[in-house]
Amino acid sequence: MVHQIGLELCPPSHRSWRLNKLALSLRNRFLQGGIMSDLDGAILLPPCHSNRSIFLNNLALSLRDRFLQHGMMSDLDEAIELNRAALLRRPPGHSDRSSLRDRFLQRGIMSDLDEVIDLHRAALLLRPLGHSDRSSSLNNLAASLHDRFLQRGNMSDIDEAIELHWAALLLRPPGHLDRSSSLNNLAASLRDRFLQRGTMSDLDEAIDFHRAALLLRSPDRSMFLNNLAASIHDRFKQQGIMSDLDEVIELHRAALLLRLPGHSDRSSSLSNLATSLQDRFLQCGIMSDLDEAIELHRAALELLPLCHPNRSMFLDNLALSLRDRFQQRGVQPDLDEVFGLCSQLPHLSHAASRTDLNVAKSWAASAHILNHDSALLAYKTALNFLDQQVALLSSSSHHLDVIEEAVSSLATDAFSCSVRHDAMTTAVELVEQGRAVFWTQLARFSTPLDELSASGDIGIALAEEFKRLSVRPHNTFDQSTDDQSPRTRQLTMQWTDVVTRIRMLSGFSRFLLPPLFSDLQKAAEDGPVIILNASQYSCDALIIHSTGDPIHAPLDITQAAVSELSSEFQSLAEQFGSSDYRDELISILRKLWAVIVGPVVQVLRETKVNPGSRIWWCPTAEFTLLPLHAAGPYKKKRQNLSDIYISSYTPTLATLIRARQRASRDAYPQHFVAIGQGDPVRGRELKCVAPGLAVVAECLEPVVSSFTSLEDSDATVQGALDALNHNQWLHLACHGIPNQTQPFESSFAMHDGPLMIKDIIRSDRQNLEFAFLSTCHTAMGDESSRHESIHLAAAMQFSGFRSVIGSMWSVDDDVARQVASAFYGHLVDSSGRLDCTRAAVALHTAMKSLRKKMTLEQQIVFVHIGV
């Protein structure tokens with residue numbers, strides 16, 4: 001080569017320049033001819049010391065190229081370190097970020113991907129409109145956001161990626177060398193958005209862009225073939241046109257021919273072709289398609305290292321194919337291999353991703369279909385993966401959809417599986433672990449640390465560090481919050497580290513881990529707790545007493561029937577107040593009694609739970625939207641539930657336990673605030689608010705240490721928040737405004753605007769006792785997020801109130817005043833002090849005394865939550 005001859009003849013002062021040119025020439029010849037000795041030679045040349053940053057960057061590129069050929073992680077790790085060294089020696093915007101992204105794609109380390117995104121954002125700022133490299137920066141940032149969307153599922157990432165890819169394409173007109181790449185990248189992002197939202201126009205555009213990219217000459221032809229195949233495959237799933245599936249298979253075969261052994265994407269091509277053949281088998285029943293799919297899936301899995309983020313997905317693909325063949329031929333080795341593959345899942349060497357969680361759920365479904373005894377382990381694995389996923393998300397409202405999609409029916413199905421295996425304590429543990437995961441995550445940051453602080457100097461230091469790091473979630477409820485900012489990521493890692501160190505202390509090995517049944521049973525100290533579970537597999541009740549194992553009460557109703565009953569009731573509740581719906585309501589309450597509440601009451605009686613005792617309902621899924629407390633036969637000489645027991649609710653067992661642990665000391669002064677807003681900026685006037693507050697003041701001013709009243713213009717958002725900072729007891733009379741699309745923006749109507757759930761949650765208040773929410777819809781959840789129990793009353797309890805009264809539907813203005821008048825006299829104990837543990841009995845007594853003065857739906861509208 002010319003550069004080699006020049007290197008031998010050049011003087012020492014020019015040797016560094018020649019070395020660098022020779023290395024670049026060797027690399028370029030490798031890129032053209034694929035001769036590995038050229039690339040090895042470029043890497044092995046001695047370092048030059050002038051223009052060192054250029055040399056470091058070029059060496060990193062060569063190492064990355066060799067990694068893409070041979071897959072040696074040491075080459076990629078070295079490339080990243082060389083890029084870092086080059087970045088330190090050069091102005092901002094000059095370093096390659098692709099090596100970090102490649103390492104993420106191999107190892108799944110999210111911090112690598114987050115760093116890539118931060119670096120690309122910084123580079124884009126340095127490449128304004130008109131800069132020759134702006135389209136590259138747009139494309140690179142979009143690709144990394146797309147990667148993060150695939151891991152975490154935040155729709156904002158994929159929306160931004162599409163906008164950036166469009167902007168890059170506009171800067172790459174026909175004839176531009178990189179136009180085919182931009183067409184392909186935009187198409188891939190549109191396809192992934194279609195997979196989330198189901199908008200066919202996104203998929204149609206994706207296919208058109210993929211075809212356009214394939215018509216252009218490109219060294220990435222195998223990738224373009226693969227991507228077009230994937231989009232047409234999606235269309236086949238939507239429309240079922242067999243010619244689409246046949247084209248998909250031919251496209252994948254063509255891509256595989258271009259990805260010879262040693263190609264870094266060969267495993268993906270093997271897997272994609274296998275999946276397409278498997279789909280054709282499911283359509284046409286040709287066994288040769290399934291046999292070929294299994295062999296291809298095996299070959300794909302063998303190419304993946306144990307730490308690869310796609311390994312669990314490839315495991316699942318092979319397992320599902322083997323399951324299909326077992327169901328066709330009944331060959332036992334196929335079944336054994338299915339669950340042998342699944343048993344590898346709990347031993348992942350990387351943090352669990354959404355894909356890993358979905359694969360564990362697939363394992364559970366297969367175990368159920370084939371009646372395999374690994375089902376319970378599958379559910380435990382999936383719920384542990386869910387814990388890891390939730391820990392990666394900040395406590396912001398726009399992550400609710402991600403959590404809800406991940407949870408789905410996981411916890412309730414795990415409960416049903418445990419009951420079928422006669423593992424009642426496990427059922428309680430798993431349903432507790434998988435429900436209300438958002439609240440559980442927030443509660444982790446509010447954990448009492450008295451025992452830790454009392455354990456010694458190390459415990460005191462760790463407790464202080466934990467408290468300092470746990471401030472984060474109170475400030476993360478705005479849509480604009482950058483949840484992936486370096487500061488947020490750093491705090492998350494620090495928080496995880498201090499939790500790990502706390503668990504190393506004697507007696508704290510289970511700090512913040514999902515509680516065991518022996519811990520959860522404490523919820524039943526003051527009366528039995530009834531978990532109602534609705535699953536696609538069965539509906540069941542488990543009754544937890546303060547001692548002994550849970551008692552199973554099977555329910556003779558399907559989940560679909562519960563859902564139908566819930567929908568019927570919700571439709572009726574929307575009409576309350578406009579006419580008399582007593583007969584329709586009684587019909588629903590009788591159904592509730594016959595198939596749900598009645599069988600539970602029978603078991604309670606058999607286990608000697610005395611009439612007049614308190615009981616707690618802990619409903620799941622569709623049960624959460626039903627007025628269980630009001631069920632009954634509604635016939636003469638027959639008792640309804642409220643004639644037998646005093647009902648309360650709790651969203652989870654842990655929530656009730658935490659409320660009991662926050663018991664106030666008698667010496668505490670009792671400060672009460674009554675807030676009333678009868679004339680909000682929006683909404684009808686509430687004429688009985690002022691008389692209602694007067695009634696509360698008359699009852700309580702002689703009893704409490706201080707009584708504050710905020711009315712009308714004084715009842716502002718900030719005024720209410722300030723009042724909550726100085727008072728432990730609250731009566732709130734105003735409009736309640738549920739927001740079913742953004743539950744954390746559900747609110748109370750104040751004089752100057754809405755007091756939102758997110759405002760209440762992020763405030764850190766101490767020693768809160770009781771809240772009476774004399775407003776509408778405060779204890780009615782959202783049907784789409786019923787696993788999270790996100791409603792106004794739940795928010796108040798999470799914020800620290802040990803005992804809360806809320807309403808399940810619209811409350812008549814005058815009824816609210818009458819109930820408050822009858823209620824507060826029963827809340828005072830024998831010593832003349834308010835006692836929040838008397839709230840359920842006080843409400844029960846007040847409603848009984850008012851029965852003849854109001855309609856049935858108003859008699860049962862209020863519910864008690866908590867201690």
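Positions are given from 1 along the sequence. The analysis underlying the following values was restricted to heavy atoms, covering all of them including side chains, and did not include hydrogens, waters or symmetry mates.
Side chain of T650 to backbone of L653: no donor-acceptor contact under 3.5 angstrom is found. In this structure a side-chain-to-backbone donor-acceptor pair under 3.5 Å is present from Y649 to H629. A donor-acceptor pair under 3.5 Å links the side-chain atoms of Q677 to the main chain of D712, judged by distance alone. Under a 3.5 Å cut-off, the side chain of Q728 and the backbone N or O of Q670 do not form any donor-acceptor pair. Checked by atom type and distance alone, the side chain of D829 pairs as donor or acceptor with a backbone atom of G832 at under 3.5 Å. Side-chain N or O atoms of W809 include none that pairs as donor or acceptor with a backbone N or O of L572 at under 3.5 Å. One N or O on the side chain of N727 and one on the backbone of A723 form a donor-acceptor pair closer than 3.5 Å. Here the side chain of R435 pairs no donor or acceptor atom with the backbone of T652 at under 3.5 angstrom. No donor-acceptor pair under 3.5 Å is formed between the side chain of R802 and the backbone N or O of E769.
The 12-atom threshold is exceeded at CD of Q575, counting heavy atoms of other residues, nucleotides or ligands nearer than 6.0 Å. Within a 6.0 Å sphere centred on NZ of K853, heavy atoms belonging to other residues, nucleotides or ligands number 12 at most.
Partners of D814 according to the side chain to side chain contact (heavy atoms under 4.5 Å, CB included) rule, which considers only residues two or more places apart in sequence or in another chain, are C688, D812, R817, Q818.
Counting only residues at least two apart or in different chains, salt bridge (Lys or Arg N to Asp or Glu O under 4.0 Å) contacts with residues 855-867 are absent. Applying the salt bridge (Lys or Arg N to Asp or Glu O under 4.0 Å) rule to pairs touching residues 629-651 yields D643-R851, sequence neighbours excluded.
Here the straight-line distance linking atom NZ of K591 with atom CD1 of I586 works out to 13.5 Å at 0.5 Å rounding. In this structure, the separation between CZ on F569 and CD on E574 is 10.5 Å, given to the nearest 0.5 Å.
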Worksheet item: Does the salt bridge (charged side-chain N to carboxylate O under 4.0 Å, His left out) test come out yes or no for D526 and R660, once each step is laid out?
Response: CA-CA 10 Å; D526 294 335; R660 290 212 175 99; 3.0 Å; yes
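Tested against H731, the residues Y824, F707, F672, F823 include a single ring pair (Phe, Tyr, Trp, His ring centres under 6.0 Å) partner, Y824.
Separation of the F801 and F770 ring centroids does not fall under the 6.0 Å cut-off.
Remark: the S642 side chain and the N640 side chain contain no N/O donor-acceptor pair separated by less than 3.5 Å. Looking only at atom types and distance, the side chain of S706 has a donor-acceptor partner in the side chain of H671 under 3.5 Å away. Using a 3.5 Å distance cut-off with no hydrogens or angles, the side chains of W617 and S648 do not pair a donor with an acceptor.
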